[in-house]
Amino acid sequence: MDARENVTGVERKVWDLIRELSSELKNVAENPVLEAILIAAKVLGVRKEDVVTKDIIVSEKEKSIIKELVEKRANGYPLHYILGEKEFMGLSFFVEEGVFIPRPETEELVEMALDLIKRYGLRVVADVGTGSGAIGVSIAKFSGAIVFATDISEKAVEVSLKNAKRHGVLDRFVVKRGRFLEPFEKDYEKIEMILSNPPYVKMSARLPQDVLFEPSEALFAGEDGLDFYREFFRRYSTEGKIVLMEIGEDQVEELKKIVPGAAFLKDTSGRYRFLHINRRSS
Ligand code: SAM
Ligand code: GLN
């Protein structure tokens with residue numbers, strides 16, 4: 001117990017609290033101190049830098065909220081659902097339970113897509129399974145393209161729209177609820193590029209505890225994790241289009257059979273993580 005708490009009995013400096021609480025996170029977090037700081041900053045409504053540098057006094061009420069959230073996190077609940085946001089492509093995306101938390105590897109897909117959009121002067125791009133809108137909203141933000149986005153989840157439609165608004169691209173990001181590109185069937189000819197980070201996890205896979213709090217329809221795709229690709233490429237012709245999709249690192253051999261003619265691209269750590277088709281003539 002520190003001297004200040006002895007005096008007032010109700011106040012506590014934030015740094016003491018972080019020291020105490022971060023130890024609870026050591027089994028779930030790669031950086032327990034940073035996570036405790038981020039949670040405290042969220043509750044106190046200050047920047048994380050202020051938590052580190054200023055002697056902020058925490059009230060009894062704030063302390064109990066911070067403790068409760070740290071305990072939730074210690075039970076595996078994802079940090080970004082607690083914070084309500086996740087950074088992707090340098091943008092802050094609003095996220096909440098029921099929507100997939102964007103991953104850093106998907107930023108590589110967006111970077112590659114932006115290069116191709118520029119190189120070919122593409123105007124119409126689709127994002128299948130948009131989730132928080134991470135791919136589609138970033139594409140609309142960093143290129144002039146119009147994005148047609150879909151998702152089977154109503155929550156994803158709602159959250160991606162909120163993110164499109166947050167990043168000022170509501171005029172170029174059109175999202176509809178539905179499977180694959182069903183909601184944009186009549187616009188299919190106009191779509192020049194198809195992007196997706198679909199579900200690709202095997203039904204039997206053992207996932208880290210925090211991933212299990214994310215929606216299962218965002219992750220799992222049948223026994224071998226390939227159901228999405230199988231159905232997508234059975235339904236849709238890629239003629240004249242460019243396709244870039246994220247894949248699981250052990251799926252290349254199976255995907256070569258499902259999508260003959262597709263190329264596979266490595267991520268920056270040297271793993272094959274993307275399926276690529278380029279059937280544009282110029
Ligand atoms: N694109 C986001 C990202 O990269 O952060 C979300 C990716 S998450 C792995 C996959 C998303 O696809 C989920 O939001 C899920 O609801 C959606 N989804 C799954 N099957 C789908 C289908 N057949 N058609 C459209 N969306 C689908
Ligand atoms: N890579 C994701 C994970 O962390 C799986 C995402 C997906 O199925 N698209 O579990």
Side-chain angles (χ1 to χ4, degrees), residues 30 76 78-81 85-89 91-113 125-140 147-164 173 175-185 188 194-236 244-251 255 267 269 271-275:
E30 250 172 57
L79 173 70
H80 296 285
Y81 286 159
E85 63 178 348
K86 168 76 183 172
E87 195 185 302
F88 183 87
M89 292 296 293
L91 304 172
S92 162
F93 278 82
F94 171 73
V95 288
E96 64 182 10
E97 211 174 311
V99 72
F100 183 82
I101 300 166
R103 306 287 204 266
E105 54 266 38
T106 309
E107 293 178 329
E108 294 191 38
L109 179 145
V110 173
E111 299 279 10
M112 288 189 275
V125 175
D127 175 15
V128 185
T130 196
S132 65
I135 297 175
V137 169
S138 303
I139 293 290
V147 177
F148 292 151
T150 68
D151 206 292
I152 49 173
S153 144
E154 188 56 46
K155 172 73 83 179
V157 170
E158 187 193 302
V159 168
S160 62
L161 265 180
K162 208 163 159 179
N163 282 316
F173 180 84
V175 61
K176 293 188 180 169
R177 186 177 183 188
R179 303 185 72 220
F180 302 99
L181 283 166
E182 280 171 9
F184 295 102
E185 219 97 285
Y188 191 71
I194 299 169
L195 303 175
S196 185
N197 171 21
Y200 54 69
V201 177
K202 285 189 186 75
M203 224 54 207
S204 59
R206 291 175 67 90
L207 295 176
Q209 199 188 4
D210 50 354
V211 178
L212 295 173
F213 286 91
E214 293 182 87
S216 57
E217 73 269 24
L219 298 164
F220 298 105
E223 257 171 50
D224 59 1
L226 297 166
D227 280 3
F228 178 97
Y229 308 106
R230 222 178 264 117
E231 192 165 350
F232 185 88
F233 290 102
R234 186 175 54 74
R235 284 181 177 216
Y236 296 96
L244 257 184
M245 289 186 185
E246 190 169 312
I247 64 168
E249 61 173 293
D250 58 350
Q251 294 177 326
L255 280 168
D267 66 9
S269 57
R271 287 186 270 256
Y272 284 106
R273 295 302 310 278
F274 308 103
L275 175 155

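For ligands, and for the atoms within them, numbers begin at 1 and follow the listed sequence.
- For the ligand labelled ligand 2, residue Phe100 lies inside the 4.0 Å heavy-atom shell.
- In this structure, atom 20 (N) of ligand 1 lies nearest to the protein heavy atom Ile152 CD1, 3.7 Å.
- For a threshold of 3.5 Å applied to N or O pairs, the pair formed by Tyr200 and ligand 2 contains at least one separation below that value.
- The nearest heavy-atom contact from the protein to atom 3 (C) of ligand 2 is Arg103 NH2, 3.5 Å.
- Heavy-atom contacts of Glu105 reach the following atoms of ligand 2: 1 (N) (cutoff under 4.0 Å).
- Counted within 6.0 Å of CD on Glu223, heavy atoms from surrounding residues, nucleotides or ligands total 12 or fewer; the atom is thus considered open.
- Close contacts between ligand 1 and Arg179 involve ligand atoms 24 (N) [criterion: under 4.0 Å to a heavy atom].
- No side-chain donor-acceptor contact under 3.5 Å links Asp127 to the backbone of Ala149.
- Shown in contact with Ala218 at under 4.0 Å from a heavy atom are these atoms of ligand 1, numbered in order with element: 8 (S), 9 (C), 10 (C), 13 (C), 15 (C).
- Using a 4.0 Å cut-off between charged nitrogen and carboxylate oxygen, Arg235 and Glu182 count as a salt-bridge pair.
- Backbone and side-chain nitrogen or oxygen atoms of Leu207 are examined, and none is located within less than 3.5 angstrom of a nitrogen or oxygen of ligand 2.
- Of the charged side-chain nitrogens involved, at least one lies within less than 4.0 Å of a carboxylate oxygen, so that Glu214 and Arg103 count as a salt-bridged pair.
- Residue Asn197 has at least one N or O atom closer than 3.5 Å to an N or O atom of ligand 2.
- Near Thr106, with a cut-off below 4.0 Å to any heavy atom, the atoms of ligand 1 are 4 (O).
- Put simply, no part of Ser196 is less than 4.0 Å from ligand 1, judged by heavy atoms.
- Contacts between Val99 and ligand 1, counted as non-hydrogen atom pairs separated by less than 4.0 Å, are absent for every part of the residue.
- When each atom of ligand 2 is checked for a heavy atom of Val201 under 4.0 Å away, the hits are 5 (C), 8 (O).
- Scanning the protein heavy atoms around atom 16 (O) of ligand 1, the nearest turns out to be Asp151 OD1, 2.6 Å.
- For ligand 1, the atoms sitting less than 4.0 Å from at least one non-hydrogen atom of Gly131 are 6 (C), 14 (O), numbered in the order shown with element in parentheses.
- Asn163 places no side-chain N or O within donor-acceptor distance of the main-chain N or O of Phe93, the cut-off being under 3.5 Å.
- When only interatomic distances are considered, the shortest N/O to N/O separation between Gly129 and ligand 1 falls below 3.5 Å.
- Formation of a donor-acceptor pair under 3.5 Å by the Ser196 side chain with backbone atoms of Val128 is found in this model.
- With salt bridges taken as basic N to acidic carboxylate O contacts below 4.0 Å, one links Glu231 and Arg179.
- Close N/O approach between Asn197 and ligand 1 is found [any backbone or side-chain N/O within under 3.5 Å].
- For ligand 2, the atoms lying closer than 4.0 Å to a non-hydrogen atom of Pro199 are 8 (O).
- At most 12 non-hydrogen atoms from other residues, nucleotides or ligands lie less than 6.0 angstrom from CD of Glu30.
- No more than 12 heavy-atom neighbours from other residues, nucleotides or ligands sit within 6.0 angstrom of CZ on Arg206.
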Could you go through Thr130 and Ile135, starting from their C-alpha distance and side-chain angles, then the distance that decides it, and tell me whether this counts as side chain to side chain contact (heavy atoms under 4.5 Å, CB included)? CA-CA 7 Å; Thr130 196; Ile135 297 175; 5.7 Å; no
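- A heavy-atom separation below 4.0 Å is not found between Glu214 and ligand 2.
- Of the protein's heavy atoms, Pro198 O, 2.7 Å lies nearest to atom 9 (N) of ligand 2.
- With Phe148 as the partner, the ring-ring contact (aromatic ring centres under 6.0 Å, His included) test is satisfied by one option alone out of Phe184, Phe173, Phe180: Phe184.
- Taking only non-hydrogen atoms, the option from Phe180, Phe228, Phe220 nearest to atom 24 (N) of ligand 1 is Phe180.
- The side chain to side chain donor-acceptor pair (under 3.5 Å) test with Thr106 is passed by exactly one of Glu246, Arg273, Glu111: Glu246.
- The shortest contact between atom 2 (C) of ligand 1 and any protein heavy atom is with Thr130 O, 3.3 Å.
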How far apart are the C-alpha atoms of Tyr236 and Phe232, what are their side-chain angles, what is the distance that settles it, and do they pass the ring pair (Phe, Tyr, Trp, His ring centres under 6.0 Å) test? CA-CA 6 Å; Tyr236 296 96; Phe232 185 88; 4.8 Å; yes
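- Nearest heavy-atom pair, Phe274 versus Met112, reported as atom, atom and distance to 0.1 Å: CD1-CE, 3.3 Å.
- Proximity of Ala221 to ligand 2, defined as any heavy-atom pair under 4.0 Å, is not found for any part of the residue.
- For ligand 1, the atoms lying closer than 4.0 Å to a non-hydrogen atom of Pro102 are 5 (O).
- Counting the atoms of ligand 1 from 1 in the order shown, those under 4.0 Å from a heavy atom of Gly178 are 24 (N), 25 (C).
- Proximity of Leu91 to Ser138: side-chain heavy atoms (C-beta onward) are separated by under 4.5 Å at one or more points.
- Atoms of ligand 1 found under 4.0 Å from any heavy atom of Glu217, numbered from 1 in the order shown, are 15 (C), 16 (O), 19 (C).
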